[in-house]
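Note sheet for the following structure.
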Amino acid sequence: MENAASAGSGRGSSVILRLVMGEMRSRAFLSGFLATIGVLALGNGALARAQEPPPPPQQPDNPADAAPPPAAKKTPPKTNKDNAAESAPDQPTWDPLRAEKDLEVGQYYMHKGDVDAAIDRFQDATLAKPGYAVPFKFLGEAQEKKGLKKPAIKSYQRYLDLYPKAEDADKIRKRVEKLYKDVEKEKKETK
């Protein structure tokens, strides 16, 4: 592999890539692959350039003859109408794979009996893939199990809005009707 690394960068990279692609059957190899790529990148001159001291600033021979620095242009401040992606980089973005993983983990928590953790994961899945109906169904189930009837109604309704011809749509509609009745009953009891 050292011979491949010392070869020309184009030919060496293709040799390394072919070797690596043949061995990428295990996940453990992936971390070694990334480390190797990093070492190769550093070995091809990036490390040498990073360790060179910067050249000293050149001073004009006669400072009086030197041109004054150009005036800084004043740019008007940008008016940004609450663009969440730019103002908050930690906001979740559309990520369907994360949504699927959140569903799996949420279902695990439901089977384990940790309804609060399941609700959190199902809510994350709805954010990761907003037009995806399945997380709303599971979220409604978890909220119903927790006793959160109004949020469960909203979640079930969102599920039905996104997937009106679902196989279990009639079953979900019956649940929503039952939850509505329970909520109305609780309102009458508190008055």
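This chain uses plain numbering: 1 for the first residue, then up along the sequence.
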Spatial distance of atom NZ (Lys187) from atom CG (Asp182) [nearest 0.5 Å]: 12.5 Å
For Arg173 and Pro164, which heavy atoms make the closest approach, and how far apart are they? NH2-O, 3.4 Å
Flag the pair Asp124 and Arg98 as a salt bridge only when some basic side-chain nitrogen lies within less than 4.0 angstrom of an acidic carboxylate oxygen. no
Between OG of Ser155 and NZ of Lys150, what distance do you get to the nearest 0.5 Å? 14.5 Å
Steps toward side chain to side chain contact (heavy atoms under 4.5 Å, CB included) verdict (Lys181, Glu184): CA-CA 5 Å; Lys181 289 177 184 176; Glu184 290 299 320; 5.8 Å; no
What's the spacing between Lys165 NZ and Tyr163 OH if we round to 0.5 Å? 10.5 Å
Minimal heavy-atom distance between Pro130 and Leu162, with the atoms involved, is O-CD1, 3.9 Å
Give the C-alpha distance, both sets of side-chain angles, the deciding distance and a yes or no for side chain to side chain contact (heavy atoms under 4.5 Å, CB included) between Lys149 and Gln143. CA-CA 7 Å; Lys149 295 176 183 174; Gln143 290 167 331; over 6 Å; no
If you take all heavy atoms of Phe138 and Leu103, which pair is closest and at what distance? CD1-CD2, 3.7 Å
In terms of hydrophobic clustering (I, L, V, M, F, W, Y; side-chain heavy atoms under 4.5 Å; direct or indirect links), are Phe122 and Leu127 co-clustered? no
Provide the closest heavy-atom pair for Ile119 versus Ala142 in the form atom of the first, atom of the second, distance. CG1-CB, 3.5 Å
Show the numbers, then the answer: is there a side chain to side chain contact (heavy atoms under 4.5 Å, CB included) between Gln157 and Phe136? CA-CA 8 Å; Gln157 194 58 51; Phe136 289 101; over 6 Å; no
In the single-linkage hydrophobic clustering (I, L, V, M, F, W, Y; side-chain heavy atoms under 4.5 Å), do Met110 and Tyr132 co-cluster? yes
Tightest non-hydrogen contact, residues Gly106 and Ala118, listed as O-CB, 3.4 Å
For Arg158, is there an ion pair with Asp161 - N to carboxylate O distance below 4.0 angstrom? no
Glu189, CD atom: more than 12 neighbouring heavy atoms under 6.0 Å: yes
Are Leu148 and Leu179 connected in the hydrophobic side-chain network, where two residues link if heavy atoms are under 4.5 Å apart? no
Check against side chain to side chain contact (heavy atoms under 4.5 Å, CB included), Glu104 and Tyr108: CA-CA 6 Å; Glu104 289 177 25; Tyr108 167 79; over 6 Å; no
Ala133 versus Tyr159, closest heavy-atom pair with distance: O-CD1, 3.2 Å
Rounded to the nearest 0.5 Å, what's the gap from NZ on Lys174 to CG on Asp168? Could you check? 12.0 Å
Among Glu141, Glu144, Lys137, exactly one meets side chain to side chain donor-acceptor pair (under 3.5 Å) together with Tyr156. Which residue is that? Glu144
Atom pair CD (Glu177) and CD1 (Ile153), whose distance is rounded to the nearest 0.5 Å: 11.0 Å
